[in-house]
Amino acid sequence: QVQLVESGGGLVQPGGSLRLSCAGSGFIFRITSMSWYRQAPGKARELVATISSTGGIINYAAFVAGRFTISRDNAKNTLYLQMNSLKPEDTGVYYCYGNGLLWGQGTQVTVST
């Protein structure tokens with residue numbers, strides 16, 4: 001079965017950290033560029049970060065501003081997003097995306113006191 005399964009979301013206080021994971025199966029993960037997107041309530045889905053198949057090329061949205069790190073482990077077919085210094089405006093559902101292939105189901109991130 002071709003799928004992406006995210007995990008690691010939750011409730012965190014402002015300034016805190018979370019690490020999201022996305023496990024891929026049913027496709028050749030190591031040759032697929034990957035991305036993280038997010039969608040806040042009432043807003044359009046937006047790109048957070050993207051990483052090439054080997055991890056050699058990485059791009060971030062401007063709002064990340066050095067707070068998030070995207071990475072991947074091709075031996076484990078897993079994509080990661082380390083999020084530090086979280087702000088309330090980072091609240092939303094975070095999705096991993098196999099570029100041009102498929103979406104995960106999303107994981108909720110809530111930043112609040």
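Since the structure is predicted, the reported quantities are computational estimates derived from the model, not experimental observations.
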Counting C-beta onward and ignoring hydrogens, is there a side-chain heavy-atom pair between [X] and [Y] closer than 4.5 Å?
| X | Y | answer |
| --- | --- | --- |
| L11 | S112 | yes |
| E89 | F63 | no |
| P14 | T113 | yes |

For the rings on W36 and F68, is their centre-to-centre separation under 6.0 Å?
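Not close enough - the centres of the two rings lie 6.0 Å or further apart.
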
In terms of hydrophobic clusters joined by side-chain contacts under 4.5 Å, are [X] and [Y] together?
| X | Y | answer |
| --- | --- | --- |
| W103 | Y80 | no |
| M83 | V12 | yes |
| V64 | Y94 | yes |

Hey, could you give me the [atom1]/[atom2] distance between [X] and [Y], rounded to the nearest 0.5 Å?
| X | Y | atom1 | atom2 | answer |
| --- | --- | --- | --- | --- |
| Y97 | T32 | OH | OG1 | 11.0 Å |
| I58 | S33 | CD1 | OG | 12.0 Å |
| Y37 | L81 | OH | CG | 13.5 Å |
| F27 | Q3 | CZ | CD | 9.5 Å |
| Q105 | L4 | CD | CG | 8.5 Å |

I need the full list of salt bridge (charged side-chain N to carboxylate O under 4.0 Å, His left out) pairs touching residues 51-63, with sequence neighbours left out, sorted by first then second residue.
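Qualifying pairs: none.
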
Would you list the pairs meeting salt bridge (charged side-chain N to carboxylate O under 4.0 Å, His left out) in which at least one residue belongs to residues 24-38, sequence neighbours left out?
R38-E46, R38-D90

Counting N and O atoms only, with roles assigned by atom type, does the side chain of [X] sit under 3.5 Å from a partner on the main chain of [Y], one being a donor and the other an acceptor?
| X | Y | result |
| --- | --- | --- |
| N74 | S53 | yes |
| Q82 | R19 | no |
| E6 | L20 | no |
| T107 | S7 | no |
| T50 | M34 | yes |

Non-hydrogen atoms of [X] and [Y] that approach each other most closely:
| X | Y | result |
| --- | --- | --- |
| C96 | L79 | CB-CD2, 3.9 Å |
| V111 | T91 | N-OG1, 2.9 Å |
| S17 | N84 | OG-OD1, 2.9 Å |
| S71 | I51 | CA-CD1, 3.8 Å |

Residues in side chain to side chain contact (heavy atoms under 4.5 Å, CB included) contact with V93, at least two apart in sequence or another chain:
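Listed in chain order: Y95, Q108.
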
Regarding D73 and T78, do their side chains bring together a donor and an acceptor under 3.5 Å, going by distance alone?
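No - no donor-acceptor pair under 3.5 Å links their side chains.
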
R72 NZ/CZ over F29 ring centroid, <6.0 Å and within 45° of normal
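Positive - R72 is close enough to the ring of F29 and near enough to its axis.
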
